[in-house]
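As the structure is a prediction and not an experimental result, all values here were calculated from the model.
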Amino acid sequence: MITELIDLENYLMNLEAKGFKFKDDAISFIYFGKQSTGTDDYVVSLAIELTLKTQKRFDGSFYLSLLERFKEHKIKTKTEAYKLMEKMGLKAHN
């Protein structure tokens, strides 16, 4: 579960504790996306969550595309993120 108070490092550690193993290049790419879009940890975590739920794995290009869309649409909440995904015709599977 993502809360607005969790930082990105702790979020990634929580995911790894749940069995999602990220390679070093994926971790680097996650931080690259965060830096290049100027997005806060919470929105980055949402993009990771929705990437995993939609793609069933970490897909760097999908993640970066989501981050860019979230920035473009000024997404700040989980509800807004899910609504945007729906508008894009994407369904995040639980």
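By the 4.5 Å heavy-atom criterion applied to side chains, Phe70 and Leu46 are counted as neighbours. Using a 4.5 Å cut-off on side-chain heavy atoms (C-beta onward), Ser36 and Leu64 make contact. Between Ile48 and Leu12 there is a side-chain heavy-atom pair separated by less than 4.5 Å. Taking 4.5 Å as the limit, some side-chain heavy atom of Leu15 sits within range of a side-chain heavy atom of Leu52. No side-chain heavy atom of Phe20 sits less than 4.5 Å from a side-chain heavy atom of Asn14. The closest side-chain heavy-atom distance from Glu16 to Tyr11 is not below 4.5 Å.
The structure places NZ of Lys23 at 7.0 Å from CG of Asp25, a figure rounded to the nearest 0.5 Å. Rounded to the nearest 0.5 angstrom, Leu50 CG and Gln55 CD are separated by 11.0 Å. Between Leu67 atom CG and Lys34 atom NZ the span is 10.0 Å, to the nearest 0.5 Å. Distance check, rounded to the nearest 0.5 Å: CD of Glu9 to CD1 of Ile27 gives 9.5 Å.
With hydrogens and angles left out, the side-chain atoms of Tyr82 and Lys87 include no donor and acceptor closer than 3.5 Å.
Here the side chain of Asp41 pairs a donor or acceptor atom with the backbone of Leu8 at under 3.5 angstrom.
For Glu72, the CD atom sits in a packed shell: over 12 heavy atoms of surrounding residues, nucleotides or ligands are nearer than 6.0 Å.
By the criterion of side-chain heavy atoms lying less than 4.5 angstrom apart, applied directly or through intervening Ile, Leu, Val, Met, Phe, Trp or Tyr residues, Met13 is not grouped with Phe22; the two fall into different hydrophobic clusters.
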| query | Going through the checks in order, is the salt bridge (Lys or Arg N to Asp or Glu O under 4.0 Å) test met by Lys91 and Glu86? | reply | CA-CA 6 Å; Lys91 181 169 173 111; Glu86 189 175 309; over 6 Å; no
| query | For Leu66 and Met85, what are the C-alpha separation, side-chain angles and deciding distance, and is it a side chain to side chain contact (heavy atoms under 4.5 Å, CB included)? | reply | CA-CA 9 Å; Leu66 274 183; Met85 294 283 289; 3.4 Å; yes
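When all heavy atoms of Asn10 and Asp7 are compared, the pair lying nearest together is N-OD1, 2.8 Å. Lys78 and Tyr42 get closest at one heavy-atom pair: N-OH, 3.5 Å.
In summary, Glu80 and Lys76 do not engage in a salt bridge, as defined by a charged side-chain N under 4.0 Å from a carboxylate O.
By the ring pair (Phe, Tyr, Trp, His ring centres under 6.0 Å) test, Tyr63 pairs with Phe58, sequence neighbours left out.
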